[in-house]
Amino acid sequence: MGNKISRVNLTEEIYRIVKEDILTHKLKSGEKINIDQLARALEVSNIPIREALSRLQSEGYLNVIPFKGMFVNMMSVKELDELFEIRLQLEPLAVEKAALLIPDETLELLQETMNSIQTQQSPKSTNCLGSIKEMNMSLHGTILAYCENTNLQNLVRGYIEQIQRYLTYIQLNLDINTTNEEWSEHNAVLQKLKQRDPKGASEAMSKHIMNSRKRTNAHFMEAGSN
């Protein structure tokens, strides 16, 4: 966080920087936010800092403890379950809405991406997190782009980002088996999309989210005991 900010919209840039530090655990779970120190590091006043932190608080990344200050939100199995529970309600709806709207050429590009990810995998793969992120960005991102509901897009993207914080935390526990399971489930959704089967795509998405929830919970609890 030592780089100077040159953008006109200071609040937006500060928001982006602090959020990235939370998602990558440069700012750790439970860590106190020192507003004065942050303002000195970024060479800005406290006002845009407070505005950016307020936005992060509203999104669930920060919380205020009276008379103590602002802290990075603690991660927990309860929160992780809640995030997946909401996704389980929203994403099957999103994929059902998008199933007949995604162009054929976009689906073919998605298939190429999925095939490329599969080809890159091996028992010695060390970038399992990167593969999962790429699948999330390509498939889930495309579905949200074509679901024709801006509020739904913003909600789901926000929950996926929050879960990404957990995936980054547990990345040392992710292995090729996890990546292969994620690939198979993403590909199952894609095949239903290529068949123009909204209900089938919705059911495949529900199954994927439920399985991903189990895997992520197990890895998070394992990482917490290490």
Test: salt bridge (charged side-chain N to carboxylate O under 4.0 Å, His left out). Region: residues 174-183. Which pairs qualify, not counting sequence neighbours? E181-R215, E182-R215
Would you say that L38 contacts N34 through its side chain, given a criterion of any heavy-atom pair below 4.5 Å between the two side chains? no
To the nearest 0.5 Å, atom CZ of F220 lies from atom OG of S76 at 6.5 Å
Going by atom types only, do Q153 and N149 share a side-chain donor-acceptor pair under 3.5 Å? no
Are a donor atom and an acceptor atom from the side chains of E112 and S116 found within less than 3.5 Å of each other? no
Polar contact flag, side-chain donor to acceptor under 3.5 angstrom, E13-N9: no
If you look only at distance, which donor and acceptor atoms sit under 3.5 Å apart when one is on a side chain in residues 137-147 and the other is two or more places apart or in another chain?
| from | atom 1 | to | atom 2 | distance (Å) |
| --- | --- | --- | --- | --- |
| S138 | OG | E134 | O | 2.8 |
| S138 | OG | M135 | O | 3.2 |
| H140 | ND1 | E91 | OE1 | 2.7 |
| H140 | NE2 | H186 | NE2 | 3.1 |
| T142 | OG1 | S138 | O | 2.6 |

Just do the side-chain contact (heavy atoms from CB on, under 4.5 Å) check on Y61 and N73 with the steps written out, would you? CA-CA 5 Å; Y61 290 103; N73 193 34; 5.6 Å; no
Mind checking whether M74 and L62 sit in one hydrophobic cluster, side chains of I, L, V, M, F, W, Y counted as touching below 4.5 Å? no
So if you build clusters from Ile, Leu, Val, Met, Phe, Trp, Tyr with side-chain heavy-atom gaps below 4.5 Å, do I86 and M75 land together? yes
Do the numbers put R55 on top of the ring of Y15, so that NZ or CZ is under 6.0 Å from the six-membered ring centre and no more than 45° off the axis? yes
Rounded at 0.5 Å granularity, tell me how far OG in S212 sits from CG in L88. 11.0 Å
Is E203 salt-bridged to K199, cutoff N-O under 4.0 Å? yes
Would you compute the distance between atom CD of Q37 and atom CD1 of I33 and round it to the nearest 0.5 angstrom? 10.0 Å
Between D104 and R196, does any NZ, NE, NH1 or NH2 come within less than 4.0 Å of an OD or OE carboxylate oxygen? yes
Sub-3.5 Å donor-acceptor pair from the side chain of T178 to the main-chain atoms of L174, do we have one? no
Taking NZ, NE, NH1 and NH2 as the nitrogens, is one of them in E31 or K28 under 4.0 Å from a carboxylate oxygen of the other? no
Output yes when a side-chain donor or acceptor of H219 lies under 3.5 Å from a complementary backbone atom of Y169, and no otherwise. no
Going from OG1 on T216 to CD1 on I209, what distance comes out if it is rounded to the nearest 0.5 angstrom? 11.0 Å
Using only atom types and a distance under 3.5 Å, with no angle test, would you say the side chain of N180 pairs donor to acceptor with the backbone of I176? yes
Would D81 and V77 count as a side-chain contact (heavy atoms from CB on, under 4.5 Å) if you check the C-alpha gap in whole Å, the side-chain angles of each, and the deciding distance to 0.1 Å? CA-CA 6 Å; D81 273 334; V77 172; 3.8 Å; yes
With clusters defined by side-chain heavy atoms of hydrophobic residues (ILVMFWY) lying less than 4.5 Å apart, directly or transitively, does L27 cluster with I35? yes
At what distance, to the nearest 0.5 angstrom, does CG of L107 lie from CD of Q191? 9.5 Å
For residues L56 and V18, report the shortest heavy-atom separation together with the two atoms involved. CD1-CG1, 3.6 Å
If hydrophobic clusters are built from ILVMFWY residues whose side chains come within less than 4.5 Å, do I170 and M221 share one? yes
All pairs passing salt bridge (charged side-chain N to carboxylate O under 4.0 Å, His left out) where residues 149-163 contributes a residue, at least two apart: K19-E161
Can V64 be reached from I22 by stepping across I, L, V, M, F, W or Y side chains whose heavy atoms are under 4.5 Å apart? yes
Check the pair M210 / F84 against side-chain contact (heavy atoms from CB on, under 4.5 Å), numbers first and verdict last. CA-CA 8 Å; M210 287 188 288; F84 273 109; over 6 Å; no
Supply the atom-to-atom distance K133 NZ to I117 CD1, rounded to the nearest 0.5 angstrom. 12.5 Å
Start with the C-alpha distance between R16 and E12, add both sets of side-chain angles, then the distance that settles salt bridge (Lys or Arg N to Asp or Glu O under 4.0 Å), and finish with yes or no. CA-CA 6 Å; R16 185 192 64 77; E12 180 66 27; over 6 Å; no
Does a side chain donor of either Q118 or N187 reach within less than 3.5 Å of an acceptor in the other side chain? no
Test log, rule side-chain contact (heavy atoms from CB on, under 4.5 Å), inputs E20 and K26: CA-CA 8 Å; E20 181 66 16; K26 291 179 182 177; over 6 Å; no
Spell out, as yes or no, whether a donor-acceptor pair under 3.5 Å connects the side chain of T106 to the backbone of I102. no
